[in-house]
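Keep in mind that what you see is a predicted model, and the values were worked out from it rather than measured. Just follow the structure's listing: the first ligand is 1, and inside any ligand the first atom is 1. Numbers for residues simply follow the sequence, beginning at 1. Heavy-atom basis, side chains included; hydrogens, waters and symmetry copies ignored.
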Amino acid sequence: MSDKKSIDNFLRNFSCIIITGCSSGIGRALLTRIENSDTPALVFNLSRNEPETFSKHLKFTHLTCDLSQPTEIQEVVSRLQNLIPRTGRILLVNNSGFGAYGEFPAPDLNHTLKMIEVNVSAPVQLTGLLWDRLKSQGGQVANIASLAGYQPTPLISTYAATKAFLLHWSIALDAESKKYGVRCVAICPGPVSTNFSRAAGLNGSTGLGGQSAEDCAEEALQAMAQNRPHWITGWKNRWLGFFSARLPKAWAAAIGLRMIQKLKLDRFRH
Ligand SMILES: NC(=O)c1ccc[n+]([C@@H]2O[C@H](COP(=O)([O-])OP(=O)(O)OC[C@H]3O[C@@H](n4cnc5c(N)ncnc54)[C@H](OP(=O)(O)O)[C@@H]3O)[C@@H](O)[C@H]2O)c1
């Protein structure tokens with residue numbers, strides 16, 4: 001079966017798709033690909049900003065939610081509980097997240113703590129509040145982690161640690177939840193051209209390039225369709241992840257520091 005067909009079939013398998021962070025980047029590209037699949041699912045986006053408009057045939061609802069605020073997550077899930085169809089499989093994609101570049105706690109401690117809320121606490125809270133529905137209706141939880149989650153990474157130390165959490169949590173949850181018909185998939189992109197660098201405190205022209213959001217989303221959906229417990233997008237990134245995950249952790253951190261220093265990213269700070 002072609003990749004396009006297997007993704008289309010996978011997406012048509014759900015009665016409800018909930019994604020966080022479709023207003024930009026990888027989330028926006030996932031939403032576009034979902035729209036092109038002709039899925040009958042009700043599709044919900046959770047983010048602070050509403051995604052730009054697109055064609056009307058997708059059954060789409062935007063729910064404004066700041067995922068750094070546990071009370072907002074509680075409220076939005078209460079609304080979702082009434083909106084989600086009572087039957088059919090559910091796909092939850094925990095995609096929202098951001099990073100910060102620089103020596104700890106750059107840019108400041110509040111920003112760092114907010115990052116932990118959005119990248120770690122929010123996926124756990126959202127998944128936890130929807131867990132009974134996922135178990136009774138079946139489905140999948142896809143967590144957008146990162147290549148940075150495979151090793152301790154200086155100068156993005158907290159960000160990389162949030163993604164290590166998401167990666168390990170997701171793989172362990174998959175082992176537990178298979179028996180309920182719920183699969184968990186950790187998607188680990190390397191650099192992707194989105195607003196991510198800007199949000200991490202670097203201006204847009206770092207020259208790091210990377211995958212396009214569309215290619216990353218396509219590969220992510222293939223991995224989800226194949227129920228891979230974890231998947232690094234981009235073959236060069238896969239090699240890097242394979243080797244760095246096998247190094248002693250202190251070596252990986254020392255080599256990572258050297259490699260990031262070589263990029264001289266301080267030139268691009270804003
Ligand atoms: N781009 C990369 O190089 C790269 C590499 C590896 C992993 N990732 C991961 O991929 C995911 C998507 O990032 P991206 O590259 O697409 O970056 P992006 O273009 O900056 O998009 C980030 C998304 O997260 C949402 N978000 C941020 N803070 C939020 C909050 N407080 N509440 C709700 N939503 C929030 C944003 O929505 P609002 O601003 O509208 O709230 C936006 O839709 C992230 O988890 C990121 O860590 C990215």
> Do side-chain atoms of Arg12 reach the backbone of Pro40 as a donor and acceptor pair under 3.5 angstrom?
no

> For Lys163, which part has a heavy atom under 4.0 Å from ligand 1: side chain, backbone, both, or neither?
side chain

> Quick test of your reading of the structure: of Ala220, Ser197, Ser96, whose heavy atom lies closest to atom 26 (N) of ligand 1?
Ser96

> Examine distances only and state if a side-chain atom of Ser157 and a backbone atom of Thr153 form a donor-acceptor pair shorter than 3.5 Å.
no

> How does Ala145 reach ligand 1, by side chain, by backbone, by both or by neither, if only non-hydrogen atoms under 4.0 Å count?
backbone

> Suppose I only count heavy atoms of Gly25 and a 4.0 Å limit; which atoms of ligand 1 are within that range?
16 (O), 19 (O)

> Show me which atoms of ligand 1 lie under 4.0 Å from any heavy atom of Tyr159.
6 (C), 7 (C), 8 (N), 9 (C), 46 (C), 47 (O)

> Would Gly99 count as a contact of ligand 1 if the rule is a heavy atom under 4.0 Å away?
no

> Let's go through Asn45 and His62 carefully: what are the C-alpha distance in whole Å and the side-chain angles of both, what is the deciding distance for side chain to side chain donor-acceptor pair (under 3.5 Å) to 0.1 Å, and is it a yes or a no?
CA-CA 5 Å; Asn45 167 57; His62 165 73; 3.0 Å; yes

> Between Ser212 and Asp215, is there a donor-acceptor pair closer than 3.5 Å when you use the side chain of the first and the backbone of the second?
yes

> Got an N/O contact under 3.5 Å between Asp66 and ligand 1?
yes

> Tell me if a side-chain donor or acceptor on Thr32 pairs with a main-chain N or O of Arg28 at a distance below 3.5 Å.
yes

> Any idea which protein heavy atom is nearest atom 37 (O) of ligand 1, and the distance to it?
Ser23 OG, 3.0 Å

> If we set the cut-off at 4.0 Å for heavy atoms, which region of Pro189 has an atom near ligand 1: side chain, backbone, both, or neither?
both

> Hey, can you tell me if Phe165 and Trp169 have their rings parallel, tilted or perpendicular (30° and 60° cut-offs)?
parallel

> Regarding Asp8 and Lys5, does a basic nitrogen lie under 4.0 Å from an acidic carboxylate oxygen?
no

> Taking 4.0 Å as the limit for heavy-atom contacts, which would you say applies to Cys65 with ligand 1: side chain only, backbone only, both, or neither?
backbone

> For ligand 1 and Gly21, I'd like to know whether there is a polar contact (N/O to N/O, distance under 3.5 Å).
yes

> Using a plain distance cutoff, I'd like to know if Asn195 has any nitrogen or oxygen under 3.5 Å from a nitrogen or oxygen of ligand 1.
yes

> For atom 19 (O) of ligand 1, what's the nearest protein heavy-atom neighbour? Residue, atom name and distance, please.
Ser24 OG, 2.5 Å

> Using distance alone, decide if ligand 1 has a nitrogen or oxygen within less than 3.5 Å of any nitrogen or oxygen in Val192.
yes

> Using heavy atoms and a threshold below 4.0 Å, how should the contact between Asn49 and ligand 1 be classified: side chain, backbone, both, or neither?
both

> Counting heavy atoms only, which part of Asn95 comes closer than 4.0 Å to ligand 1: side chain, backbone, both or neither?
both

> Determine whether a donor-acceptor pair (N or O, by modelled atom type, separation under 3.5 Å) exists between the side chain of Thr20 and the backbone of Asn95.
yes

> In terms of relative ring orientation, are Phe243 and Trp239 parallel, tilted or perpendicular, with 30° and 60° separating the classes?
parallel

> Give the numbers and elements of all ligand 1 atoms closer than 4.0 Å to a heavy atom of Gly97.
22 (C), 24 (O), 44 (C), 45 (O)

> State, to 0.1 Å, how close Asn143 and Ser170 come at their nearest heavy-atom pair, and which atoms those are.
ND2-OG, 3.0 Å

> Considering heavy atoms of the protein only, find what lies nearest to atom 28 (N) of ligand 1 and give residue, atom and distance to 0.1 Å.
Arg48 NH2, 3.3 Å

> At less than 4.0 angstrom from any non-hydrogen atom of Val118, what atoms of ligand 1 do you find?
31 (N)

> What residue and heavy atom of the protein are closest to atom 14 (P) of ligand 1, and at what distance?
Thr194 OG1, 3.5 Å

> Working note: Leu83 + Leu42, criterion side-chain contact (heavy atoms from CB on, under 4.5 Å); need CA distance, chi angles, decisive distance, verdict.
CA-CA 9 Å; Leu83 296 169; Leu42 302 187; 5.8 Å; no

> In ligand 1, which numbered atoms sit nearer than 4.0 Å to a non-hydrogen atom of Pro191?
3 (O)

> With heavy-atom distances below 4.0 Å as the criterion, list the atoms of ligand 1 near Ile144.
9 (C), 10 (O), 11 (C), 45 (O)

> Pair Glu219, Trp231 - check side chain to side chain donor-acceptor pair (under 3.5 Å), show working.
CA-CA 9 Å; Glu219 216 183 308; Trp231 184 252; 3.0 Å; yes

> Per the side-chain hydrogen bond (donor to acceptor under 3.5 Å, both in side chains) rule, which among Asp174, Asn13, Asn227 passes with Gln140?
Asn227

> Look at atom 4 (C) of ligand 1 and say which protein heavy atom is nearest, naming residue and atom and giving the distance to 0.1 Å.
Gly190 O, 3.9 Å

> Is there a side-chain contact (heavy atoms from CB on, under 4.5 Å) between Ser24 and Phe196? Walk through the geometry before answering.
CA-CA 9 Å; Ser24 171; Phe196 180 81; over 6 Å; no

> Ile26 to ligand 1: N or O pair under 3.5 Å?
yes

> Is there any N or O on Leu67 that sits under 3.5 Å from an N or O of ligand 1?
yes

